[in-house]
Amino acid sequence: MAPVSEQLEPQGAGGDPAGATPLPAPPAVEEPRRENGGEWCPGSGESGAQPRAAAEAPGSAGCPGSAAAPEPPEGGWGWVVMLAAMWCNGAVFGIQNSCGVLFVSMLRLFGSSEDKQLVFKTAWVSSLSMGMVFFCSPIVSIFTDLFGCRRVAVVGAAVGLVGLLSSSFVSTIEPLYFTYGILFACGCSFAYQPSLVILGHYFKKRLGLVNGIVTAGSSLFTVSLPFLLKALINSVDLYNTLRVLCILMFVLFLAGFTYKPLIPNTKDKEGGKKGKFKLPPAKKICNFSVFKVLSYRIWAFGIPTALFGYFVPYVHLMNHVKERFGDSVPEEVLLLCLGITSGVGRLVFGRVADYIPGAKKIYLQVASFFFIGLMSMMIPRCHVFGALVAVCLFMGLFDGCFICIMAPIAFELVGAQDVSQAIGFLLGLMSVPMTVGPPIAGLLRDKLGNYDVAFYLAGVPPLIGGAILCLIPWVHERQKLKERAKPVDGETTEKMLEHESTLVSDTTEKPVKELDSGF
């Protein structure tokens, strides 16, 4: 989602207006100058004739005078960056989506017969982890703008590695809230978002294809990781399994060094002009103007509403299968089905969305939430394992549909200039329901003795959220009609003013002419 947004460059670099007349270039040869905090560009007689705004345009690279950003190379080192980003996407969300396997192991390791709220307490670990990945998104986007993709990704992977490694030394469930639920998740968030941002530096024409390959990494890891985790837990226990997972985070740490930026960040721009880094104004860091768009406000309210039950199957489905069918069925197959069809859904519905005009793409998300809610309600009705497999296949397909069209819808609602902050704020709002939903389902399981009511209730919020989203195309069309009417009114007013000024000039010229004729 993010890569699209990060191609947008901040507007309004310091300097004179572009229309200001530049001073003539001096006849002497200019000293070499350093632009954008990086390349040395020798001055020339022609360079002095360039407006200062053009020389300092954001995103310009190379010699002054090139106001536009450099064209992405569409390959080269970008393919290495794409593979590193794919590994990041797979490692982060592969571990998060496989939390059901870890959840069952935690119940066995930390559980006791006296603890009546064991499922509720254990569910907080996984839900906190997934929630913090999204909760940090607005903060990560700010840090990425300020310090660049490479620094943020490397530091984030290091923090995630420390959090995951420290989780392997705890003896009770409570410390995992911090080590796994907060520290590891925050590191994942800081490593994940720059991996999508950097793609816009290297690709433009092939960005859709590259995004599809990168996001398919999470499906690839989600398909394979549950089987690996179960084999590791059965052979070397949970603690050593977490230490093995640290290898994935260490590779992610190394992958962050491949993110060589081609567009300077805010720190480099400010440092190149003034010699020291100075924070930009708060309005440029946090752009809350996106909330002035009514259709975006509805979207930012409807999506979190729909997600209260979204993460419940990922956390509790494995335990539900174990309670209903025992050890006679391979419950990891369900995560395999979710991962495969989610990858297929991202590719198929991403292509379908290209043929749906404007904000009507939101109807794909409406259909996705309808089927996700319906499939959640179907889980308790499945008394045959094959029926559960079919439910997971459909759920994964529409899960991929919901995810793949987030960025295109954001583009339609707020425009290209504000899409980065719009997606960041939305992901931050999504963190609250995704964190709260699984613990509530665990509490219902502890009180009622089974998951039936929990899965029935988990299907209600997606239906409500989908109904709210149905309003967006109508509201967006009304907004566009109002915006089209504004220029017409402005032109009419301008013509009236011109007409009045003509009348005034005619009345002032007439007495002068009469006076001339009198002389």
Open item on the list: Tell me the closest heavy-atom pair linking Ala185 and Val133, and the distance in Å.
Closed with: O-CG2, 3.7 Å
Side chains of residues 246-262: which donor-acceptor pairs under 3.5 Å do they make with residues two or more places apart or in other chains?
| from | atom 1 | to | atom 2 | distance (Å) |
| --- | --- | --- | --- | --- |
| Thr258 | OG1 | Ala255 | O | 2.6 |

- [ ] Could you tell me if the ring centre of Trp87 sits under 6.0 Å from that of Phe221?
- [x] yes
Task: Heavy-atom pair with the smallest gap, counting every atom of Cys136 and Ser189 - done: CB-OG, 3.3 Å
Open item on the list: Under a 3.5 Å distance rule, please check whether Ser129 uses its side chain to pair with a backbone N or O of Val125 as donor and acceptor.
Closed with: no
Open item on the list: Closer than 3.5 angstrom, by distance alone: can the side chain of Ser126 be matched with the main-chain N or O of Ala123 as a donor-acceptor pair?
Closed with: no
Open item on the list: Let's go through Phe369 and Tyr310 carefully: what are the C-alpha distance in whole Å and the side-chain angles of both, what is the deciding distance for ring pair (Phe, Tyr, Trp, His ring centres under 6.0 Å) to 0.1 Å, and is it a yes or a no?
Closed with: CA-CA 9 Å; Phe369 286 133; Tyr310 171 81; 7.7 Å; no
Task: Smallest separation among heavy atoms of Gly163 and Ser167, with atom names - done: O-OG, 2.8 Å
- [ ] For the residue pair Phe349 and Phe398, categorise the inter-ring angle as parallel (less than 30°), tilted (30 to 60°) or perpendicular (more than 60°).
- [x] tilted
- [ ] Take the angle between the ring planes of Phe425 and Phe291 and call it parallel below 30°, perpendicular above 60°, tilted in between.
- [x] tilted
Open item on the list: Using a 6.0 Å cut-off, check whether atom OH of Tyr177 has over 12 heavy atoms from anything other than its own residue.
Closed with: yes
Task: Whether Asn234 side chain and Asp237 backbone form a donor-acceptor pair below 3.5 Å - done: no
Task: Minimum heavy-atom distance between Met318 and Leu334, given as atom pair plus value - done: CE-CB, 4.0 Å
TODO: Specify the closest pair of heavy atoms between Leu220 and Ser224, including all atoms of both residues, with the distance to one decimal.
DONE: O-OG, 3.1 Å
Open item on the list: I'd like to know if the side chain of Asn89 reaches the main chain of Ala85, judged simply by a donor and an acceptor atom lying under 3.5 Å from each other, with no hydrogens or angles considered.
Closed with: no
Open item on the list: Does Phe301, at its CZ atom, have more than 12 non-hydrogen atoms belonging to other residues, nucleotides or ligands within less than 6.0 Å?
Closed with: no
Task: For the student: nearest non-hydrogen atoms of Leu338 and Cys392, plus distance - done: CD2-O, 3.4 Å
- [ ] Could you list the residues that satisfy salt bridge (charged side-chain N to carboxylate O under 4.0 Å, His left out) with Lys361, not counting sequence neighbours?
- [x] Glu412
Open item on the list: Would the distance check show the side chain of Tyr239 and the main-chain N or O of Val170 forming a donor-acceptor pair, the cut-off being under 3.5 Å?
Closed with: yes
Open item on the list: Is the terminal nitrogen or CZ of Arg243 (NZ for Lys, CZ for Arg) located under 6.0 angstrom from the six-membered ring centre of Phe169 and within 45° of that ring's axis?
Closed with: yes
Open item on the list: Looking at Leu413, is its backbone amide N or carbonyl O close enough to the side chain of His476 to form a donor-acceptor pair, meaning the two atoms are under 3.5 Å apart?
Closed with: no
Open item on the list: Are Val159 and Val162 packed together at the side-chain level, in the sense that at least one heavy-atom pair is separated by less than 4.5 angstrom?
Closed with: no
- [ ] Specify whether Phe134 and Phe93 have parallel, tilted or perpendicular ring planes, treating 30° as the upper limit for parallel and 60° as the lower limit for perpendicular.
- [x] tilted
Task: Gly339 backbone acceptor or donor facing Thr222 side chain under 3.5 Å - done: no
